Amino acid sequence: MSDRLLDWYDRHARVLPWRVSPEARQAGVRPDPYRVWLSEIMLQQTTVAAVKSYFLRFTERWPTVSDLAAAADEDVMAEWAGLGYYARARNLLKCARVVATEHGGAFPDTREALLTLPGIGPYTAAAVASIAFDRPETVLDGNVERVMARMYAVEDPLPGSKPQLHELAGQSTPAERPGDYAQAVMDLGATICTPRNPACGICPWMGGCRARDLGIASDLPRKTRKKPKPVRHGHVWIARDRDGAWLMERRPAKGLLGGMLGWPGTDWSEDAPEAQPPFPATWQELGEVRHTFTHFHLRLTVHATRVAARPVDGLWIGPEAFSPNDLPTLMRKAHALAAGAEALEPAPAPGV
DNA sequence: AAGGCGTGGAG
DNA sequence: TCTCCAAGCCT
């Protein structure tokens with residue numbers, strides 16, 4: 001069964017920046033473990049399309065794990081801005097530093113050793129071990145869960161069925177070319193055995209798929225219902241000084257958007273928090289930014305002002321150093337609303 | 001051991 | 001607009 005899938009993979013594998021070309025692979029070239037690891041961290045809960053440009057920028061700027069280990073925290077967070085799940089970036093740096101200082105810059109080559117590193121869990125440990133080091137580990141991600149649930153018509157819902165799916169995935173993993181096999185199943189799940197409207201007619205595994213035989217492929221895997229997201233409210237205040245510097249904050253290292261730049265503001269709560277600006281001034285209310293996080297909707301009221309002198313100490317970032325690309329998407333939205341606002345225009349020269 | 005943790009695209 | 005969900009990990 002895996003032979004048929006590997007044949008399909010050899011003919012249809014997507015060309016991706018972290019993969020070695022089919023020709024090089026046939027010549028015995030192994031992928032760079034650093035690039036495999038970096039891609040796997042970025043791909044956690046994130047689409048290939050979103051990851052590509054980030055992967056290229058990271059590997060251009062930091063070609064080896066030791067380069068990354070030597071990077072400044074704020075540079076890595078800024079480079080990750082917009083990709084989401086920022087704990088990944090914090091753990092990425094932690095992991096790079098452990099590999100650089102405790103493993104001589106070489107990634108461990110077993111699932112067990114990889115599993116001890118920050119940000120590497122069961123999936124990523126198995127993926128790196130199999131893809132980079134050709135070890136026959138069982139790789140179980142959302143794609144593999146879906147493919148296995150359909151192949152064997154597992155009707156128990158996730159996440160309860162996960163152990164059963166892991167068992168089935170393990171039985172399906174071949175001793176030969178386990179890294180290619182892992183990528184092949186994931187490619188299959190991403191391009192043919194998709195969550196909705198699976199393309200069963202062109203599937204290399206259509207011969208042995210129980211769900212297809214039963215006509216229930218689109219219904220699997222079943223999942224337990226998710227809770228509705230509440231709406232939370234908050235305020236941010238965007239201030240510039242005479243020179244055009246922006247008043248910002250570095251968010252706490254843990255929690256939502258942890259370690260990222262942001263605008264000073266209130267907590268976000270379901271009952272509208274009291275508007276308390278960072279300093280007294282003539283603030284203009286610009287409107288509302290809407291953003292959805294994993295577990296709640298946010299409506300953020302944006303205020304802006306321009307001041308002559310800096311009324312408070314803090315993280316004032318000059319116009320030459322400020323880039324909205326360094327901000328998480330929510331804060332970027334707030335900036336976009338303020339960018340063209342009259343409230344942020346320089347004050348007219350006195351006496352004119 | 002459920003829930004926290006981003007974002008953008010698809011339908 | 002709204003829901004789902006994508007190569008999960010951490011606590």
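Lettering of chains follows the sequences in order, A, B, ..., and the numbering in each one begins at 1. These numbers were taken from a predicted model, which means no experiment stands behind them.
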Is the shortest side-chain N to carboxylate O distance from Arg306(A) to Glu345(A) below 4.0 Å?
no
Between Arg177(A) and Asp180(A), is there a side-chain N and carboxylate O pair less than 4.0 Å apart?
yes
DNA chain C: 5'-proximal contact among Arg19(A) and Leu115(A) (nearest heavy atom):
Arg19(A)
Sugar-phosphate only, base, or nothing, as touched by Trp80(A) at under 4.0 Å among non-hydrogen atoms
nothing
For Ala309(A), is there any backbone N or O sitting under 3.5 Å from a side-chain donor or acceptor partner on Arg242(A)?
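Flag not set: sc Arg242(A) to bb Ala309(A) has no pair under 3.5 Å.
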I need the [atom1]-[atom2] distance between [X] and [N], as an integer number of Å.
| X | N | atom1 | atom2 | value |
| --- | --- | --- | --- | --- |
| Ile41(A) | dC10(C) | CD1 | C1' | 13 Å |
| Asp219(A) | dC4(C) | CG | P | 15 Å |
| Lys223(A) | dT3(C) | NZ | P | 17 Å |
| His297(A) | dT1(C) | NE2 | P | 11 Å |

Any residue meeting salt bridge (Lys or Arg N to Asp or Glu O under 4.0 Å) with Arg14(A), in chain and number order, not counting sequence neighbours
Asp187(A)
Does Glu137(A) have any salt bridge (Lys or Arg N to Asp or Glu O under 4.0 Å) partners at least two apart in sequence or in another chain, and if so, which?
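Scan of Glu137(A) (salt bridge (Lys or Arg N to Asp or Glu O under 4.0 Å), adjacent residues dropped) gives Arg111(A).
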Going by the rule ring pair (Phe, Tyr, Trp, His ring centres under 6.0 Å), which residues pair with [X] if we only count those two or more places apart in sequence or in a different chain?
| X | answer |
| --- | --- |
| Trp62(A) | Phe58(A) |
| Trp316(A) | none |
| Tyr54(A) | none |
| His291(A) | Phe293(A) |

With a 4.0 Å heavy-atom cut-off, tell me which residues in residues 7-17 of chain A come close to DNA chain C, sorted by residue number.
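Heavy-atom contacts with DNA chain C come from Arg14(A), Leu16(A).
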Which of residues 116-128 of chain A have a heavy atom under 4.0 Å from DNA chain C?
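Of all residues in residues 116-128 of chain A, the ones placing a heavy atom under 4.0 Å from DNA chain C are Pro118(A), Gly119(A), Ile120(A), Gly121(A), Pro122(A), Tyr123(A), Thr124(A).
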P atom, dG6(B) versus dT1(C): distance in rounded Å?
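Their P atoms lie roughly 23 Å apart.
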Spacing of the P atoms in dC9(C) and dG8(B) (rounded, Å)
22 Å
side-chain hydrogen bond (donor to acceptor under 3.5 Å, both in side chains) partners for Tyr85(A), two or more places apart
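Tyr85(A) satisfies side-chain hydrogen bond (donor to acceptor under 3.5 Å, both in side chains) with no residue once adjacent residues are dropped.
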Mind checking side-chain hydrogen bond (donor to acceptor under 3.5 Å, both in side chains) for Glu285(A) and listing every partner two or more places apart, or none if nothing turns up?
none
Do the rings of Trp237(A) and His303(A) sit parallel, tilted or perpendicular, given the 30° and 60° boundaries?
parallel
Looking just at side-chain N and O atoms, do Arg19(A) and Gln183(A) make a donor-acceptor pair shorter than 3.5 Å?
yes
Examine the side chains of Gln44(A) and Tyr123(A) and answer whether a donor and an acceptor come within less than 3.5 Å of each other.
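No, because no side-chain N or O of Gln44(A) sits under 3.5 Å from a partner of the opposite role on Tyr123(A).
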Which residues within residues 176-189 of chain A lie with some heavy atom under 4.0 Å of an atom in DNA chain B?
none
At less than 4.0 Å, is any side-chain N or O atom of Lys227(A) found next to OP1 or OP2 of dA2(B)? Yes or no.
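Indeed not, no polar side-chain atom of Lys227(A) lies that close.
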Treat primed atoms plus P, OP1 and OP2 as sugar-phosphate and everything else as base, then score nucleotides 5-11 of chain B 5' to 3': B for base contact with protein heavy atoms under 4.0 Å, S for sugar-phosphate contact only, - for none.
BBBS-BS
